[in-house]
Amino acid sequence: MKVVIATTTGFHWRNLYGEFCKCDIDVQYFSYMPRFRLRRDGIPDAKSKSLFFRLLPDSALALFRYAPKIRSGAEARMWEATDDIMARCVPPCDVFIGLSAMAVKCAEVARARHGAKIVIERGSRHVLSQNELVSQDGGKPLSAYYIERELASYDVADYISLPSKHAVRSFLDRGFDRSRLFENPLAVDLAAYQPTPRPEAPTRILFLGGWSHRKGVDILVKAMKRLPGFFLTHVGVRVDVAFPDAAWFTSLGYVNQRVLADVIADHHLLVLPSREDGFGMVLLEALACGLPIVASRTTGGPDIQDIITAKEYVGIVEPGSVDDLVRGLSEMAARAALVPVARNLLTPADRCRLGASGYAARYFDFLTRIVASTR
């Protein structure tokens, strides 16, 4: 089977490439990442095409982690440019996997020229549903250009790959046939995130991600004010919400992935109160390190709770509700204090399902089915 992966970013796609190769899939990988980054991630020159120099200066700006507005603007400008370049050079393939909002023309060419099945990777809810949620309580709506690109990529797709049940529901609510939707929860790098010893009191809560309205941090700040004796650490960049001026709050800013596991280990639980979040890889990273998690219903929290054996270590709260977040954090903090010191919360079966190999195996089975259906 020949597969083309086309993306502007990296994220979990790099691990997917490696796991696909183990399944004897012939993969060609297209990205704006420079070649040294692709090599570092285990993708050889013979199997990759870097569009970095052709997309300058935006490809360089998109790597600038400390300015999220600059980075997101650069990524948005690359969608159409990457699409145009890919449309001129997409190689023969049985399946074309493209990033939503980016893959439109190139997906059409892959189908018309090579007869490929088109899988669009969407990391969150249907864009119209997403826009409704992020706009709540004064949030900034998504750009008309982004919405237009997203809708165009859905139209060209044979199938849409989604990371969570709530994302699937949002497409069903918009009239999509269930047979076109592939649900596949994301995976965690189990080599990088291992069980860690439980730290001493006081209770330290970790929030990983952009400090933003979309992530529900305004709700989190209000909840923390009602939880005396608890401390909150933020890791990530500031986006569109002011930091609290409080003794219980610390922001570490951006932390390199190589030291992130050490930061996670110093905390008792992780919270992700997003108004909308396709999945939330940080939930799996925290669990793999032994931290119980509290997540809103519009994240991958409910999916993870369904998968793991020790379901009591995944707390689900209603997005936008301060009262429910206070309840969820209070209950999970009490539970976290009783977690065994070694904090090994995942069973071997859990780790198999939540690791990169489990994710790729589900994807491989899906691709095998859709390719076989055309023969």
Side-chain angles (χ1 to χ4, degrees), residues 12 123-125 129 133 161-172 181-190 193-196 198 203 205-209 214-216 219-220 223 264 267-340 342-359 361-362:
H12 65 286
S124 194
R125 298 171 71 90
S129 176
L133 294 183
S161 176
L162 300 161
S164 58
K165 288 182 173 61
H166 78 85
V168 169
R169 283 196 301 272
S170 72
F171 276 81
L172 295 175
L181 307 176
F182 170 50
E183 180 186 331
N184 193 10
L186 297 183
V188 63
D189 184 349
L190 294 171
Y193 299 96
Q194 297 283 337
T196 60
R198 173 165 49 85
T203 299
I205 300 171
L206 182 62
F207 172 80
L208 295 174
R214 177 194 170 209
K215 297 283 187 178
I219 302 299
L220 178 57
I264 294 174
H267 292 79
H268 295 84
L269 62 105
L270 178 133
V271 61
L272 187 63
S274 301
R275 287 181 168 85
E276 177 278 326
D277 212 314
F279 190 83
M281 184 78 75
V282 296
L283 298 173
L284 290 180
E285 292 168 350
L287 273 174
C289 289
L291 277 66
I293 59 176
V294 175
S296 72
R297 194 169 300 283
T298 46
T299 69
D303 302 82
I304 297 170
Q305 191 178 60
D306 286 346
I307 291 172
I308 70 170
T309 304
K311 302 181 187 304
E312 65 272 19
Y313 294 125
V314 180
I316 305 300
V317 298
E318 293 301 322
S321 172
V322 178
D323 289 341
D324 205 36
L325 185 55
V326 169
R327 175 200 61 79
L329 289 173
S330 298
E331 292 178 357
M332 194 58 72
R335 199 165 292 140
L338 302 177
V339 168
R343 293 206 301 186
N344 191 352
L345 304 185
L346 300 178
T347 67
D350 295 337
R351 295 175 72 83
C352 180
R353 288 189 290 265
L354 295 174
S357 60
Y359 177 81
R362 294 187 293 271

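Nothing here was measured: the structure is a model prediction, and the numbers come from that model. Atom set for the values below is all heavy atoms of this structure, side chains included, hydrogens, waters and symmetry mates excluded. The first residue of the sequence shown is numbered 1, and numbering continues consecutively from there.
Under 4.0 Å is where a charged nitrogen must lie from a carboxylate oxygen, and between Asp306 and Lys311 no such pair does. Salt bridge status for Lys165 with Glu183: present, with a side-chain N to carboxylate O gap under 4.0 Å.
Taking the side chain as every heavy atom from C-beta outward, Ile293 and Leu269 never approach each other to under 4.5 Å. With contacts defined as side-chain heavy-atom distances shorter than 4.5 Å, the pair Val326/Asp323 does not qualify. Two residues are said to be in side-chain contact when any heavy atoms from C-beta on lie closer than 4.5 Å; Asp277 and Arg214 meet this criterion. Residues Leu220 and Ile205 form no side-chain contact, since every pair of their non-hydrogen atoms from C-beta on lies 4.5 Å or further apart. Looking at Met332 and Pro292, their side chains come closer than 4.5 Å, going by heavy atoms from C-beta outward. Side-chain atoms of Pro185 and Ile307, non-hydrogen and from C-beta on, do get closer than 4.5 Å to each other. Side-chain contact between Leu272 and Phe207 is present, with heavy atoms from C-beta onward closer than 4.5 Å.
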Evaluate the side-chain contact (heavy atoms from CB on, under 4.5 Å) criterion for residues Val317 and Val271: first the C-alpha distance (whole Å), next the side-chain angles of each, then the deciding distance (0.1 Å), finally the verdict.
-> CA-CA 10 Å; Val317 298; Val271 61; over 6 Å; no

Could you check Val314 against Leu283 for side-chain contact (heavy atoms from CB on, under 4.5 Å), going step by step and ending with a plain yes or no?
-> CA-CA 9 Å; Val314 180; Leu283 298 173; over 6 Å; no

Steps toward side-chain contact (heavy atoms from CB on, under 4.5 Å) verdict (Val294, Leu270) | CA-CA 6 Å; Val294 175; Leu270 178 133; over 6 Å; no

So Gln305 and Ile316, side-chain contact (heavy atoms from CB on, under 4.5 Å) or not? Walk me through it.
-> CA-CA 9 Å; Gln305 191 178 60; Ile316 305 300; 3.9 Å; yes

Please step through salt bridge (charged side-chain N to carboxylate O under 4.0 Å, His left out) for the pair Glu318 and Arg297, ending with a clear verdict.
-> CA-CA 6 Å; Glu318 293 301 322; Arg297 194 169 300 283; 2.8 Å; yes

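When all heavy atoms of Leu208 and Glu285 are compared, the closest pair comes out as CD1-OE1, 4.5 Å. Closest approach of Arg343 to Leu291, counting heavy atoms only: NH2-CD1, 3.4 Å. Of all heavy-atom pairs spanning Leu325 and Pro273, the tightest one is CD2-CB, 4.0 Å. Shortest non-hydrogen contact noted between Cys352 and Ser357 is O-OG, 4.3 Å. Here the closest non-hydrogen pair linking Leu346 and Ala288 is CD1-CA, 3.9 Å. Contact detail for Phe279 and Asp303: the closest heavy-atom pair is CE1-CB, 4.4 Å.
The distance from the OG atom of Ser164 to the CD1 atom of Ile304 is 10.0 Å, given to the nearest 0.5 Å. Note: Phe182 CZ to Leu162 CG = 9.5 Å, rounded to the nearest 0.5 Å. Rounding to the nearest 0.5 angstrom, the gap separating the OG atom in Ser296 from the CG atom in Leu133 is 9.5 Å.
Inspection of the Asp324 and Ser321 side chains reveals no N or O donor paired with an N or O acceptor under 3.5 Å. One side chain, His166 or Arg125, offers a donor N or O that lies under 3.5 Å from an acceptor on the other.
The only option from Val188, Leu206, Ile264 that meets the side chain to side chain contact (heavy atoms under 4.5 Å, CB included) definition with Cys289 turns out to be Ile264.
Side chain of Thr298 to main chain of Arg275: a donor-acceptor pair is present (N/O by atom type, distance under 3.5 Å, no hydrogens or angles). One N or O on the side chain of Arg362 and one on the backbone of Arg353 form a donor-acceptor pair closer than 3.5 Å.
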